[in-house]
Amino acid sequence: MSCYKQEELIKMVEEANRLTYKGKVADYIPALGEANPSTLAVAVYTGEQECMYAGNIEEVFTLQSISKVLTLALALMDRGTDYVFQRVGMEPTGDPFNSISKLETSVPSKPLNPMINAGALAVTDMLVGNTLEDKLERLLKFIRRLTGNENISYNPVVAQSEFETADLNRSLCYFMRQHGIIESNIEELINLYTKHCAIEMNCNDLAKLGYVIGNEGRDPNSEQTIIPVEIAKIVKTFMVTCGMYNASGEFAIKVGIPAKSGVSGGILGTVPHGVGIGIYGPALDEKGNSVGGLKLLELLSKQYNLSIF
């Protein structure tokens, strides 16, 4: 029997939901600005049963920066660690996720880590495929295996909205191409990047995905390895050090769960050899993390002793 009780999750959502008024939806991406800021949902998956859940669980949302975890895993599987980390670093940064300043001051001029926009764009450039469509379809197939949901795709309205407002990301790409970090046509790369950020799912899907990452990359039903163990370890480590933007250190102390957030309000949580957690709450704090989601993870961590530290 699972120790996770639905009535406890419902109470946690109710408590965390009281804080959502302090947040603001990400209206700088027009399509995301339409979300209801009071929405909050959580799913917890143990690998042995259907997800335990509470809140607006039927809500579907785009991954945004959570997709950086998945493109990193696939790029490492495609290219190997040496290739990837010659072009992207492994160090956290205290700068905003879309900052260009560190690219200008670092020698060599490569992104500090794969969880900031510059790093994620460089990683996206490494995905194997003859065309943009090939690369996107390979990524979608990978995510469908991780979640067990063959219907997962991307939201074309959100993708187009992001593509049209991606001038800062274009600037990052042109800078990196000048310094030999990326090689692709910039518009095609931005097109692929905005599409994988717009991949959408619900909290149940996200929790199942988190479970696989946490449990050495193995499918809970077939026990087949989807992500090699060493790559799953690398991904979890980046989630701890860089996953919550420039609030990652405070989050590690307060919560202690490897996690990755996105500006849609989603948060992916993965407890090694434990559970996968999917959260959606679009009201964000000033650092781009879900206000209600952060509180929910803090409550979950304390209630069920989930901190890895």
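Quick note: numbers below take in every heavy atom, side chains included, and nothing from hydrogens, waters or symmetry partners.
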Could you walk me through whether F61 and L206 pass the side-chain contact (heavy atoms from CB on, under 4.5 Å) check?
CA-CA 10 Å; F61 52 92; L206 198 58; 4.0 Å; yes

Working for side-chain contact (heavy atoms from CB on, under 4.5 Å), residues T241 and N113
CA-CA 10 Å; T241 59; N113 68 70; over 6 Å; no

Can you check side-chain contact (heavy atoms from CB on, under 4.5 Å) on V25 and L32, steps first, answer last?
CA-CA 7 Å; V25 297; L32 298 185; over 6 Å; no

side-chain contact (heavy atoms from CB on, under 4.5 Å) between H273 and E216, worked out:
CA-CA 8 Å; H273 309 288; E216 301 182 334; 3.4 Å; yes

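Side-chain contact between I182 and L121 is absent, with no heavy-atom pair separated by less than 4.5 Å. Inter-residue side-chain proximity for V69 and M115 is flagged as met; some heavy-atom pair is nearer than 4.5 Å. Contact of the S261 side chain with the S290 side chain is not registered, since no non-hydrogen atoms from C-beta on lie closer than 4.5 Å. Contact of the V271 side chain with the Y304 side chain is not registered, since no non-hydrogen atoms from C-beta on lie closer than 4.5 Å. L70 places a side-chain heavy atom less than 4.5 Å from the side chain of L209. In this structure the side chain of N215 never reaches within 4.5 angstrom of the side chain of P220, judged on heavy atoms. The side-chain heavy atoms of Y154 and L136, taken from C-beta on, include a pair separated by under 4.5 Å. In this structure the side chain of Q64 reaches within 4.5 angstrom of the side chain of V158, judged on heavy atoms.
The distance from the CD1 atom of I181 to the NZ atom of K110 is 7.5 Å, given to the nearest 0.5 Å. Rounding to the nearest 0.5 Å gives a distance of 10.5 Å between CG of L76 and CG of D82. With values rounded to the nearest 0.5 angstrom, E15 atom CD is found 11.5 Å from L40 atom CG. Once rounded to the nearest 0.5 Å, the distance linking CG of L189 with CD of E183 reads 11.0 Å. Atom CD in E286 sits 13.0 Å away from atom OH in Y245 (nearest 0.5 Å). Atom SG of C242 and atom NZ of K260 lie 9.0 Å apart (nearest 0.5 Å).
The closest donor-acceptor contact from the side chain of S301 to the backbone of E298 lies at 3.5 Å or more, if one exists at all. Between the side chain of S264 and the backbone N or O of T62 there is at least one donor-acceptor pair closer than 3.5 Å. Although no hydrogens or angles enter the test, the distance criterion places a donor-acceptor pair under 3.5 Å between the side chain of S171 and the main chain of D167. The backbone N or O of M244 sits less than 3.5 Å from a side-chain atom of S248, completing a donor-acceptor pair. Listed for the D285 side chain is a donor-acceptor partner under 3.5 Å among the backbone atoms of G288. Proximity of a side-chain donor or acceptor of T194 to a complementary backbone N or O of I190 within less than 3.5 Å is detected. Judged by distance alone, with hydrogens and angles left aside, the side-chain atoms of N56 form no donor-acceptor pair with the main-chain N or O of E59 at under 3.5 Å. Looking at R145, its side chain never comes within 3.5 Å of a backbone N or O of K141 through a donor-acceptor pair.
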Would you mind writing out the side-chain donor-acceptor pairs for residues 226-240 within the sub-3.5 Å range, not counting sequence neighbours?
from : atom 1 : to   : atom 2 : distance (Å)
K236 : NZ     : G214 : O      : 3.4
T237 : OG1    : K233 : O      : 2.8

Going by atom type alone, with no hydrogens or angles, which donor-acceptor pairs under 3.5 Å involve a side-chain atom of residues 195-204 and a protein atom two or more places apart or on another chain?
from : atom 1 : to   : atom 2 : distance (Å)
K195 : NZ     : N191 : OD1    : 2.5
H196 : ND1    : S67  : OG     : 2.8
H196 : NE2    : T124 : OG1    : 2.9
E200 : OE1    : N155 : ND2    : 3.3
N202 : OD1    : N204 : N      : 3.0
N202 : OD1    : D205 : N      : 3.0

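Residues Y280 and A35 approach most closely at OH-CB, 3.8 Å, considering heavy atoms. Among all heavy-atom pairs drawn from L172 and A118, the shortest one is CD1-N, 4.0 Å. Contact record, N17 with S38: OD1-O, 3.1 Å, taken as the closest heavy-atom pair. Nearest heavy-atom pair across F251 and A259 is CE2-CB, 3.7 Å. For the residue pair G89 and P114, the shortest heavy atom distance occurs at O-CD, 3.7 Å. Nearest approach of P282 to N36, heavy atoms of both residues: CG-O, 3.1 Å.
Taking the side chain to side chain donor-acceptor pair (under 3.5 Å) definition, one finds that E137 meets it with R144, sequence neighbours left out. For D78, the salt bridge (charged side-chain N to carboxylate O under 4.0 Å, His left out) test picks out R138, with sequence neighbours left out. Not a single ring pair (Phe, Tyr, Trp, His ring centres under 6.0 Å) links Y21 to another residue, sequence neighbours left out.
L300 and V291 fall into different hydrophobic clusters, defined by Ile, Leu, Val, Met, Phe, Trp and Tyr side-chain heavy atoms under 4.5 Å apart, directly or through other members. Transitive grouping of hydrophobic side chains (ILVMFWY, heavy atoms separated by less than 4.5 Å) brings L306 and V13 into a common cluster. Hydrophobic clustering, with ILVMFWY side chains joined whenever heavy atoms are under 4.5 angstrom apart, groups M90 together with V88. Both L192 and L140 are assigned to one and the same hydrophobic cluster, defined by single-linkage of ILVMFWY side chains at heavy-atom distances under 4.5 Å. In this structure, V60 is not a member of the same hydrophobic cluster as V263, with clusters built from ILVMFWY side-chain heavy atoms closer than 4.5 Å.
With salt bridges taken as basic N to acidic carboxylate O contacts below 4.0 Å, none links K5 and E7.
Applying the ring pair (Phe, Tyr, Trp, His ring centres under 6.0 Å) rule to pairs touching residues 30-53 yields Y45-Y211, sequence neighbours excluded.
Taking a 6.0 Å sphere around CD of Q178, one finds it holds 12 or fewer heavy atoms contributed by other residues, nucleotides or ligands. Residue-environment remark: CD (E91) stays at or below the threshold of 12 foreign heavy atoms within 6.0 Å.
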